[in-house]
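Everything numeric in this text was worked out from a predicted model, so none of it was measured. Just so you know, residue 1 is the first one in the sequence shown, and it goes up from there.
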Amino acid sequence: MTGAPIRVWYADGPGAPRMSPAAAVEAAGLDPERPLEVTLGWTLERPTWLDADPPATVRTLLAGYGIGRAVDDGRVDAPPVRLSAVPSLIAAAPPHVAVIGGIRRGSRLAFARSLGWFDVLAAAADAVVVELADEGDATDLGAPLIPGTIVATMPRPSAPDGASAARSPDEVDLRIGALVASLLPDDPTLQFGPGGIGLGIARAVDRPVRIWSGLVTEPMAALHERGLLRAPAVAAYTWGGRPIDELAAAGMLHLTSTTVTHDITRLSAIPRMIGCNTAVQVGLDGSVNVERVSRRTIAGVGGHSDFCVGASRSPGGLAVVALRSTTTAGASTIVPAVDVVSTPRSDVSVVVTEHGIADLRGIGDAERSRRMTAIAAPEHRDRLASSAT
């Protein structure tokens, strides 16, 4: 291969493009012999091209379910990046090719079911290749038109095998959700994510709320069906089918860029902003790890730090970290010290497990340790207490 590398960036999240980087470069009319530098984001599906014909350089700004193994074995680099910082990375080295999912809106092309940071990506790239959504995913949710220099449209390849299925909530998730809901003030603005705990939170909500989140899910849409959504849900991504479509059709969904949803100044100014996020580990001092355990990659920093900072500074707000007290193997998720600090202890207000609530606001390390130990699984408390002395 000769020449300077071609920088190829992919839009991410649910419905992220599936075409190979080589196909995108060919569609953009660039030299296929030049080396490629590929950047991915939140990757839910396993990219088939990563196994078949991987570029020499691939990185992900937010490792997801479909790419964790490739990060662990060294095929994909995973630098720690907040979602709010992605636009600055794009500006520092604008992509030659942006690959973005879209739909037709008359004679124009619009973003499909998510907007993310793709507006910044499309505007900065030399060339934009649009992968058109499948007919079943082509519902217009009202996202903006795609800016930039669109050079080609391509059909969406079929889905790879092994797509991750959502886990239904169990009694532990529902217990955690109920404890989180007990913290809500009147007229809160909520942010939470997918998964069993997120569904547990949604089911436990018993008062009218507003949604300002990185992601809108079907359980959030169900809040509107229950008459509990005060205003259109604001989000950068959607994950779901008919309930999301119906939410948009009712005028109760506003898709906007992560430059809005994850802007810490905006988040801090929202009264009673309750950011509810999970973790893979929380330390006795309140530090949070969402990235990896030992050498195994779980996820990336993503929007966790953005929402924790914003919610912890909000008037009447809370940065809530909710997690199960043990892993599926029985290990404690409350640990003496986390393997890596994704969100610092200063930006966490409250930690919740199925065993209770640890309010960490305004207290020092000794009391933090005591309160964190009290919400750990009973079989791990003695060991945790001993490690703190």
Side-chain angles (χ1 to χ4, degrees), residues 8-17 37-47 50 57-90 92-93 95 99 114-118 120-121 164 191-195 197-198 213-215 217 235-237 239 257-259 261-264 267 275-283 287-311 319 321-323 327 333 338-344 347-348:
V8 182
W9 280 59
Y10 279 74
D12 67 350
E37 292 181 352
V38 177
T39 298
L40 305 171
W42 179 31
T43 308
L44 302 176
E45 296 179 347
R46 176 179 55 83
L50 191 58
T57 303
V58 184
R59 66 175 177 174
T60 175
L61 305 182
L62 176 57
Y65 311 116
I67 206 167
R69 183 173 298 177
V71 173
D72 291 340
D73 65 24
R75 287 179 292 160
V76 176
D77 191 28
V81 179
R82 289 186 181 198
L83 258 177
S84 61
V86 172
S88 67
L89 290 180
I90 294 172
V99 188
S114 294
L115 177 53
W117 33 267
F118 322 153
V120 178
L121 175 63
S164 177
Q191 172 263 330
F192 58 92
I197 291 177
S213 185
L215 175 71
T217 61
Y237 298 84
W239 195 355
S257 171
T258 56
T259 58
T261 58
H262 289 67
D263 181 78
I264 294 172
L267 289 168
C276 305
N277 291 280
T278 190
V280 297
Q281 292 177 329
V282 180
S287 299
V288 177
N289 170 18
V290 300
E291 297 173 73
R292 66 173 185 264
V293 175
S294 187
R295 294 180 178 274
R296 185 167 67 92
T297 300
I298 308 297
V301 176
H304 195 285
S305 293
D306 296 327
F307 276 98
C308 282
V309 172
V321 175
L323 74 166
T327 67
T333 59
V338 295
D339 287 4
V340 61
V341 177
S342 308
T343 296
D347 298 328
V348 177

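- With hydrogens and angles disregarded, a donor-acceptor distance shorter than 3.5 Å links the side chain of T43 to the backbone of G41.
- In this structure, F307 CZ and C276 SG are separated by 11.0 Å, a value rounded to the nearest 0.5 Å.
- Minimum interatomic distance between S305 and R82 (heavy atoms only, all atoms of both residues): CB-NE, 3.5 Å.
- With hydrogens and angles ignored, the 3.5 Å screen pairs no side-chain donor or acceptor of S114 with any backbone N or O of G116.
- Annotation for V71 and A78: closest pair CG1-CB, 3.8 Å, computed over non-hydrogen atoms.
- Annotation: side chain of V348 is in contact with side chain of V288 (closest heavy-atom distance under 4.5 Å).
- With a 4.5 Å cut-off on side-chain heavy atoms, I90 and P95 count as touching.
- For the 3.5 Å distance criterion, the side chains of H304 and T343 qualify, holding a donor opposite an acceptor.
- To the nearest 0.5 Å, atoms CH2 (W42) and CG (L61) are separated by 14.5 Å.
- Taking 4.5 Å as the limit, some side-chain heavy atom of V120 sits within range of a side-chain heavy atom of T259.
- Among I67, L40, V38, the one residue that satisfies the side-chain contact (heavy atoms from CB on, under 4.5 Å) test with L50 is I67.
- Under 3.5 Å, the side chains of T39 and R59 contain a donor-acceptor pair of N or O atoms.
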Set out, in order, the CA-CA distance, both residues' side-chain angles and the distance that settles side chain to side chain donor-acceptor pair (under 3.5 Å) for E291 and S342, then state yes or no.
CA-CA 7 Å; E291 297 173 73; S342 308; 2.7 Å; yes
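- What you find for G275 and Q191 is that their closest heavy atoms are CA-OE1, 3.3 Å.
- Counting only heavy atoms from C-beta outward, the side chains of V99 and W9 never approach each other to under 4.5 Å.
- Between L62 and V301, the closest side-chain pair of non-hydrogen atoms is not below 4.5 Å.
- At a threshold of 4.5 Å between non-hydrogen side-chain atoms, the residues V81 and L89 count as touching.
- Taking CG of L83 as the reference point, atom OG1 of T258 lies at 6.0 Å (rounded to 0.5 Å).
- Across A319 and C308, no two heavy atoms sit closer than the pair CB-O, 3.4 Å.
- The shortest heavy-atom contact between A11 and A16 is O-CB, 3.5 Å.
- The distance from the CG atom of D339 to the CZ atom of R296 is 11.0 Å, given to the nearest 0.5 Å.
- Closest approach of A279 and V290 over heavy atoms only: CA-CG1, 4.0 Å.
- Residue T217 holds its OG1 atom at 9.5 Å from CH2 of W239, rounded to the nearest 0.5 Å.
- No donor-acceptor distance shorter than 3.5 angstrom exists from the side chain of N289 to the backbone of V341, with no hydrogens or angles considered.
- Between D12 and W117 the shortest side-chain heavy-atom distance falls below 4.5 Å.
- How far OG1 of T261 is from CG of L267: 7.5 Å, rounded to the nearest 0.5 Å.
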